Amino acid sequence: MKENGYRVGVGASSILTIFVVLCLTTLGVLSFASARANATLTSRREAYVEHYYAAVAEAQHVMMEIDRALVNARKTPDTYAELVQGIKMPDIFLEVSEDLLVSFSVPCGEMLELQVAVQAADSGDWPRYRVVMHQLVNIADWEPDTSYELPGKDEMEWI
Amino acid sequence: MNKAGKPNSLLIELVIVLLFFSLSAVVILEVFIAAHDRSVSSIVGSEGTLIAEDIAERFYASRMDPEAFLLDEGFIASSDGAYVHEIKVNKYAITLNAVVDRAEEPWGVLDTIDLMVYYGKSAFLQIPAARYLPKEETP
């Protein structure tokens, strides 16, 4: 009897299975790589946030100590400016300018530091100080990438 | 087997293919599960970090007592003195645990809220939200 219609030959199912397995493997590896990249990014952000808030808490503590020194200095108004300029703290370097701007920095991770500056008010004024700077600054060395040959000024005349 | 007693080659191939596919599926499924787990941890980590940052910034800007602030934010005081708040993020439950520390001096108050963010039983973030409020001197 003559056979009519399409007949699946030997090997077709193997080829189909290999194709499906390859597709699934590719998708699995891609999704894993994507998830791992997201997880790495998240953990870096968590580390940054922890460092930042630890630095802010330290800065608040330093401000409390500065305020204590200001309160003590106000007890003798005649020598107030000299006392403020002589404020020192054991664990942190304070820089006091002649116009009573007290500035300090707190490390925030390896590449950043939190720079804070408070302006001390005159003796008897309230509030005793005002925060004039509270910023994160990158302290890591930056080296420009000179591997690219950028066009010079003369070569860009056509623009 | 066919009528002549020889095994049907198509049937044998199907069995081998099914075996191969099953073994491959087991391995690939593990990769998908690992990807899903990492994806969940990164979603939870990212959202939990945002929530903790939000609470820390609002505490820094507020003038309320830390205890009143935490209760206002939906935290519940627990028996061990800590404050607990559970938040659902995309069907995943994040637990925030806050411990208040207060250093009060005649010239000002330094309030610190130690925020710990948990997913399950493991903490993945701990931040101190500190705020110093100076007091006006009394003559």
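Only this structure's heavy atoms are used, side chains among them; waters, hydrogens and symmetry mates stay out. The structure presented is a predicted model; accordingly, all values stated were derived computationally and were not measured.
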Between chain B and chain A, which N or O donor and acceptor atoms come closer than 3.5 Å?
from	atom 1	to	atom 2	distance (Å)
Glu13(B)	OE1	Gly11(A)	N	3.0
Glu13(B)	OE2	Gly11(A)	N	2.8
Glu13(B)	OE2	Ser13(A)	OG	3.3
Glu13(B)	OE2	Ser14(A)	N	3.4
Glu13(B)	OE2	Ser14(A)	OG	2.6
Glu53(B)	OE1	Arg45(A)	NH2	2.3
Glu53(B)	OE2	Arg45(A)	NH2	3.4
Glu57(B)	OE2	Tyr53(A)	OH	2.6
Tyr60(B)	OH	Gln60(A)	NE2	3.1
Trp107(B)	O	Arg128(A)	NH2	2.8
Trp107(B)	NE1	Met64(A)	O	3.4
Gln126(B)	N	Glu50(A)	OE2	3.0
Tyr132(B)	N	Gln60(A)	OE1	2.7
Tyr132(B)	OH	Asp67(A)	OD2	2.4
Lys135(B)	O	Arg128(A)	NH1	2.8
Lys135(B)	O	Arg128(A)	NH2	2.8
Glu137(B)	OE1	Arg74(A)	NH1	3.2

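Leu41(A) and Phe32(A) are not part of a single hydrophobic cluster, where members link through side-chain heavy atoms under 4.5 Å apart. Leu18(B) and Val15(B) fall into different hydrophobic clusters, where Ile, Leu, Val, Met, Phe, Trp and Tyr side chains are chained together by heavy-atom contacts under 4.5 Å. Tracing side-chain contacts under 4.5 Å through hydrophobic residues (I, L, V, M, F, W, Y), one reaches Val131(A) starting from Ile87(A); they form part of the same cluster. A continuous path of ILVMFWY side-chain contacts below 4.5 Å connects Ile92(A) to Val118(A), so both sit in one hydrophobic cluster. Grouping the Ile, Leu, Val, Met, Phe, Trp and Tyr side chains by contacts below 4.5 angstrom, directly or via other members, places Ile55(B) with Val49(A).
For Leu125(B), the parts lying near chain A are the backbone and the side chain together; criterion is any non-hydrogen pair under 4.5 Å. Residue Val20(A) touches chain B through its side chain alone, counting heavy-atom pairs closer than 4.5 Å. Only the backbone of Ala12(A) comes within less than 4.5 Å of a heavy atom in chain B; its side chain stays farther off. In this structure, the portion of Leu50(B) lying under 4.5 Å from any heavy atom of chain A is its side chain and not its backbone. For Leu27(A), the parts sitting under 4.5 Å from any heavy atom of chain B are the backbone and the side chain alike.
Remark: Ile76(B) CD1 is loosely packed, at most 12 non-hydrogen atoms of other residues, nucleotides or ligands lying under 6.0 Å away.
Note on Pro134(B), Pro106(B), Gly45(B), Gly108(B): by heavy-atom pairs under 4.5 Å with chain A, the leading option is Pro134(B). Chain B forms more heavy-atom pairs under 4.5 Å with one residue of Ala54(A), Ala33(A), Gly11(A) than with any other, namely Gly11(A).
Shown here are the ring pair (Phe, Tyr, Trp, His ring centres under 6.0 Å) partners of Phe124(B), two or more places apart in sequence or in another chain: there are none.
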